[in-house]
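Numbers restart at 1 for each chain; the letters A, B, ... are given by sequence-line order, proteins then strands. Everything quoted here is computed from the prediction, not taken from an experiment.
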Protein chains: 2
Amino acid sequence: MTFGSHIRERREALRGDDPSFSLRQVAQRVGIEPAYLSKVERGQVAPPSEATIRRIAAELSEEPDLLLAMAGKVSRELQEIIMRRPQLFAELLRQLRSAPDHALLRIVREVRDGNW
Amino acid sequence: MTFGSHIRERREALRGDDPSFSLRQVAQRVGIEPAYLSKVERGQVAPPSEATIRRIAAELSEEPDLLLAMAGKVSRELQEIIMRRPQLFAELLRQLRSAPDHALLRIVREVRDGNW
DNA sequence: TGTCATGTGTACTACATAGTACACACTTGG
DNA sequence: CCAAGTGTGTACTATGTAGTACACATGACA
């Protein structure tokens, strides 16, 4: 599923019980031209900028990180976390590339619970 | 220390016992114009692309991840690791943003030693 | 003293990114 | 039947990215 078809499906689902989720009205609330959103949804142009993707995510109640990933991007915020300690995070990420989900979740939980 | 001044210092240090580390010769081995490398080293233009930074890192025996970070970038390879499981890695990175170095190292070591 | 290598200034370029502006055709409710 | 709202095609644009090409001035050394 591409970025475009994903947000199109999401928007059409929301329009089911709220007609204000027409392409034009969503475009207006997001702050872009309807023609542009149309092309984005059909994958006729590359996905928008991070800022625009975030506004789309908010409008469609989607996870920004997920939409950004579908658009082939990683949020600038996360990139900055990595850039402060590039070697450490580089090794960590490479180490975790093929770790199973539950291992990642376990680390998240343990760090959050302050066992460090 | 900026990207430019860092690689300039590194290059000049290497030139100490090897005159083949002149700006022109390094530029040639890296595959870019000397004038361009000059501007990059003095911060007169934005840092080069990831591919060029990698070739510079190899030439100067530096860590690619470190140079990329100094250039305000995160390697495409790491970004792709994140994009495969964006939510999990997003939460993990935010969780670890202010964790001390030794905590990160400990995770790296434990994952590598297969306690997962 | 000339030539060779050094670093740098100026001008230019190709391609990508991130959109806007406007016109068009369809359909649908009053 | 017509006016309003819908999605889309075409054309255009501003800014950023990632450099190249060439000329110039300086210093060393043979």
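The phosphate of D/dG7 has OP1 or OP2 within less than 4.0 Å of a side-chain N or O from A/R11. Residue A/R15 places at least one side-chain N or O closer than 4.0 Å to OP1 or OP2 of D/dG7. Between A/R24 and D/dA4, a side-chain N or O to OP1/OP2 separation shorter than 4.0 Å is absent. Look at B/S38 and you won't find any side-chain N or O under 4.0 angstrom from OP1 or OP2 of C/dG9. OP1 and OP2 of C/dA18 both lie 4.0 Å or more from every side-chain N or O belonging to A/S49. Checking the phosphate oxygens (OP1, OP2) of D/dG19, no side-chain nitrogen or oxygen of B/R55 falls inside 4.0 Å.
Here the side chain of B/Y36 is nearest to one of D/dT20, D/dT8, C/dG19, namely D/dT20. Comparing D/dT6, D/dG7, C/dA18 against the side chain of A/K73 picks out C/dA18 as the nearest. Side-chain proximity of B/L23 to the nucleotides D/dT8, C/dT8, C/dG9 is greatest for C/dT8. Set against C/dT20, D/dT20, D/dC22, the side chain of B/E33 has D/dT20 as its closest nucleotide.
Between the A/R85 side chain and the B/R97 main chain, a donor and an acceptor come within less than 3.5 Å of each other.
Between atom CG of residue A/L67 and atom OG of residue A/S75 there is a gap of 12.5 Å, rounded to the nearest 0.5 Å.
Taking only distance into account, the side chain of B/K39 meets the base of D/dT20 through a donor-acceptor pair shorter than 3.5 Å.
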